[in-house]
Amino acid sequence: MTLSTTVPPRTAVERGAACPAHRVTTERGVALLLPDGSQAAVFRTGDGALYALDNVDPFSGAAVLSRGIVGDRAGEPTVASPMLKQVYSLRTGVCLDDPEVRVAVFDVEERDGVVEVAARPDGGR
Amino acid sequence: MRRLLVLGYGMVGHRVAEAVRDRDGGDAWQVTVVGEEPRPAYDRVALSAFFDRGEAELRLPDLARRGVALRLGETATAIDRSARTVTTSAGAVLGYDALVLATGSAAFVPPVPGNDLPGCHVYRTIADLESIAADAAGARTAAVIGGGLLGLEAADALRRLGVRANVVEMAPWLMPAQVDEGGGALLGRLISGTGAGVHTGAGVSGVVAGDDGRVRRVLLGDGALDADLVVFAVGIRPRDALARDAGLALGPRGGVAVDAACRTGDPAIFAVGECASVDGTVYGLVAPGNAMAEVAADRVLGGRAEFGSADTSTKLKLLGIDVASFGDGHARTEGALEVVLNDAPGGRYAKLVVSDDARTLLGGVLVGDASAYAGLRPLVGRELPGDPLDLIAPSRGGGGVGVDALPDDAQICSCNAVTKGAVRAAISEGAADVASVKGCTRAGTSCGSCVPMLTKLLAASGVAQSAALCEHFAHTRAELLEIVRATGITTFSALLAAHGRGRGCDVCKPAVASILASLGGGHILDGEQAALQDTNDHFLANIQRNGSYSVVPRIPGGEITPERLIVIGEVARDFGLYTKITGGQRIDLLGARVEQLPAIWGRLVEAGFESGHAYGKALRTVKSCVGSSWCRYGVQDSVGLAVELETRYRGLRAPHKIKAGVSGCARECAEARGKDIGVIATEHGWNLYVGGNGGFTPRHAELLVADVDHDTLIRCVDRFLMFYIRTADRLQRTAAWIEGLDGGLDHLRAVVVDDSLGIGADLEAAVARHVDTYADEWRGVLDDPHKLARFVSFANAPDAPDPTIAFGTERGQPVPLGPVDLGLPVRPDHAKV
Ligand code: SRM
Ligand SMILES: Cc1cc2nc3c(=O)[nH]c(=O)nc-3n(C[C@H](O)[C@H](O)[C@H](O)COP(=O)(O)OP(=O)(O)OC[C@H]3O[C@@H](n4cnc5c(N)ncnc54)[C@H](O)[C@@H]3O)c2cc1C
Ligand code: SF4
Ligand code: FES
């Protein structure tokens, strides 16, 4: 199975970090440490889709978004920060409780039992 | 400016001043109130709640802030009608253009020998209650003379003070003014069931002192009762002496005679409330008093309002026992017919009085269950919506009248004369909950018996707040729990598929996780459950501001051996954790990274510690004082009981956190009444209080049951906790839950203490299952490699620490530093744009 979400769609992904696919449990996140020392929060939703956001919660500065509760708001896949409970779109990284705030989105895909995240967010821009 | 002088600052005097302030927009009147009591006006109707709620809760809105001059602790001693002045005990001479007498009434003390011995009291003012409480401390039994509404409230207050009361009533049954013989018989039985003695058909002939000169016994016609304290509650006498001395006419049975405008023979002088006699009647209730206050205020300001007929309906707010009477409860109307339901085994008596054609409701009496009261009272004088028996017999639909059946001009709140139309208008103007309806209309602000009706009107108009948990479930937490119980569903996804929509969120997922855990769903990190948990439950630790976690081992009752203290110290030292004594009598170790938690807990579990559930919506701590083992005042082993309670309920998942406390005597060093469950030792056993908390809205716990033995106590706490778990809303602590129960604390007591719903055994069995299957959550993690695998900062680097977590030093201990600058390019999308 190959699933990917790409915002915006691109071709070559510079490999950032990877972990065994079974470590990414459904409806929950894990954090991956990237080569430059930053972190991505990777989520798998119940329909099998993968998403990755910057792990740092912009309100507290703590690297904790991967530990939030996954769900949906009116169908939009979301994660709620465990710190102060703001909810983010997994697709776009926009904070649904404060649309002026957005966390960066990483390309992520699963290939041959491995989940891979791009080295830099938002298509490397 | 014209001068209005009000004499007496009780509920009615307060209402006069308030009504004038409300209406007199141009500030044409300067308002002065002279009040004999040293305190501002308070809700005398709720006087019996003084011990539970305290004086501040009873206080009426402050009028000093609205420009009313208050002269408190000052008595008016004479009226000079020709000079239009009033002299006071402070020697002041106050002029007036209009004078309102609102001096109320005084308790009547029957002229029997010994009626003024030390230990004799009346029941009317806060000062009376304070002196009763002072005497109650050394008393075992009390006699309450008078078995009417006041006497029963006094007996109830004594019971809460830990004193058993014998109620002595001259009439053949209790509450003869409100209740008929059939209802009175049941009432007597129910009151005896609360532990009070009931002596009807008996009069008092004297009070006898003991060697210490204090009350010792009361003499009845043909016998005597032991009593260390006596409360006279036989009736009231209007305080009309000022008016009489000023030459104003009195009514046939006392009280200042007034006309429908509440005016005395002197056009500048009005009388209102319990000191007034309208058409020869003195009303001893607040609703007619308020109505008079409004009339007098209107007249003072030049209006033409008149006092009409008064509603004398009453509903007794006695522990666990409902009594209500309304309209012509005694069927005195010509040709009146009675429809009676007398269910002695069920403890219910209901009577409706209807007109001779059985179509118009004239009045009624309800004993044992007065839930129909709020719906029936507004129907008095109106056509019945159906067969009268249908309205009172539960098997036939019962439970009274729906709001829909009431016309707009029906009075919903009789204390404040608010109609259904007025409530509906307030709702359509935006009042969306009971509090705002109260604010706009005053309905529900006095005796509170109409509040259920307000709730129904809110619901009927569709503005009531949705009870849905979130966008994924249209149910309340309590409904979901019932669904899970009934269907045996064990996973969130199955529940969502069958009863919800979408994928869930951070509201419903933890709520359902808590329900599954409450119902005995195994380890909270088993299978799918793990993904539902909040980060705290997910890592069995509390998240801190920098993404590190805290560790709180359970220390039941705050009791700890030196060896265990040393282990905690060693662990904290070895892992470099910040260490602090918590407010809950235990020790918090802060600053652990996720991947350190298993090693830390490995050491703690090895030393015999268990999870303290500081992270869970579950039992937190049971705080204790040293109690009778050490303390010279202690009367029971408070530490032992605290340890037992904490061990019994540890790990029990609930709608919100639960805290408890046990004190070894009434000095209350464990602050038990600030907890959801508070236990205070007495000479004879334990008093159980429920519904306290600190936090944002501090609340004192209220007495649920007094002087019970150990087993009864545990049974009551079992039932209380499981009933709370089954019926409370998400994140609703016990205080708010009790407040929201239909029937409040009385209903709770009926369910928990008297098992009125017959679910006691079921609730106890549910707790027993929890006790039997409890296992330490941290040990469960350490024993399971799959669960342990979650405890890493990074899925691709299990041993790497989170580089954003760093510590500085404060007072010799580590504290979070950060957020840490990792030297990365600043991402504009991290900042607010
Ligand atoms: C550690 C401690 C403070 C301390 O250093 O003393 C503490 C710390 C926290 N309290 Fe507390 N409370 C602590 C005692 C109290 C007390 C005092 C007590 O228990 O006697 C109170 C008032 C009593 C009460 O709860 O009624 C208290 C009232 C609150 C409240 C307000 C509750 C309310 O009903 O209004 C919250 C917020 C909440 O739970 O929603 C809260 C929430 C919290 C949280 C969990 C906030 C959070 O989510 O981060 C804090 C983190 C705990 C942790 O370990 O990291 N804490 N908190 C105390 C832990 C006690 C323990 O041993 O478990
Ligand atoms: C325990 C209890 C329970 C009750 N329960 C209910 C109930 O459930 N429903 C209900 O409708 N009613 C109930 N009542 C009755 C209700 O409280 C009274 O009807 C109401 O308070 C009367 O108000 P008032 O202002 O006329 O008189 P009061 O409340 O007696 O106020 C008169 C005030 O004037 C002061 N005063 C008197 N003389 C002077 C003077 N010369 N100078 C200055 N000040 C003076 C007094 O000290 C007093 O503060 C209850 C009463 C009690 C005691
Ligand atoms: S509550 Fe009573 S028994 Fe407990 S420590 Fe205080 S004084 Fe002693
Ligand atoms: S009926 Fe008493 S407050 Fe409404």
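Since this is a predicted model, take the numbers as computed values, not measurements. Chain letters run A, B, ... following the sequence lines, proteins first and then strands; every chain starts at 1.
The choice from A:G68, A:G93, A:A74, A:G29 that makes the most heavy-atom pairs within less than 4.5 Å of chain B is A:A74. Interface remark: of the candidates A:L33, A:T25, A:V64, A:L33 forms the most heavy-atom pairs closer than 4.5 Å to chain B. Looking only at heavy-atom pairs under 4.5 Å with chain B, the residue among A:N55, A:D57, A:V70, A:V24 that has the most is A:V70. Chain B forms more heavy-atom pairs under 4.5 Å with one residue of A:V115, A:L84, A:T78, A:T45 than with any other, namely A:T45. Taking B:C508, B:G547, B:A795 one by one and counting their heavy-atom pairs under 4.5 Å with chain A, the maximum is reached by B:A795.
A donor-acceptor contact shorter than 3.5 Å is absent between the side chain of B:N796 and the backbone of A:A17. Counting only distance, with no hydrogens or angles, the side chain of A:R28 and the backbone of B:Q533 share a donor-acceptor pair below 3.5 Å. When atom types are taken as modelled, the side chain of A:K85 and the backbone of B:D506 share no donor-acceptor pair closer than 3.5 angstrom. For B:H472 (side chain) and A:G71 (main-chain N/O), no donor-acceptor pair under 3.5 Å exists by modelled atom type.
You'll find the side chain of B:K509 reaches within 4.5 Å of the side chain of A:E27, heavy atoms only.
Contact detail for B:S793 and A:A31: the closest heavy-atom pair is O-CB, 3.4 Å. The minimum heavy-atom distance between A:G37 and B:P803, with the atom names listed, is O-CG, 4.0 Å.
Evaluation of the salt bridge (Lys or Arg N to Asp or Glu O under 4.0 Å) rule for B:R653 yields B:D537, B:E777 as partners, not counting sequence neighbours. The salt bridge (Lys or Arg N to Asp or Glu O under 4.0 Å) test applied to B:R593 returns B:E595, not counting sequence neighbours.
The CD1 atom of B:I543 sits 7.5 Å away from the OG atom of A:S60 when rounded to the nearest 0.5 Å.
With respect to B:D534 and A:R67, no salt bridge is recorded, no charged nitrogen being found less than 4.0 Å from a carboxylate O. Electrostatic pairing of A:R73 and B:E471 does not count as a salt bridge here, judged by no charged N lying under 4.0 Å from a carboxylate O.
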With side chain to side chain contact (heavy atoms under 4.5 Å, CB included) as the test, would you mind laying out the steps for B:L532 and A:I69 before giving the verdict?
CA-CA 7 Å; B:L532 308 177; A:I69 288 181; over 6 Å; no
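Proximity to chain B involves both the backbone and the side chain of A:A63, based on heavy atoms less than 4.5 angstrom apart. Only the backbone of A:T26 comes within contact range of chain B, with heavy atoms under 4.5 Å apart. For chain B, no part of A:V79 is nearby; none of its heavy atoms comes within less than 4.5 Å.
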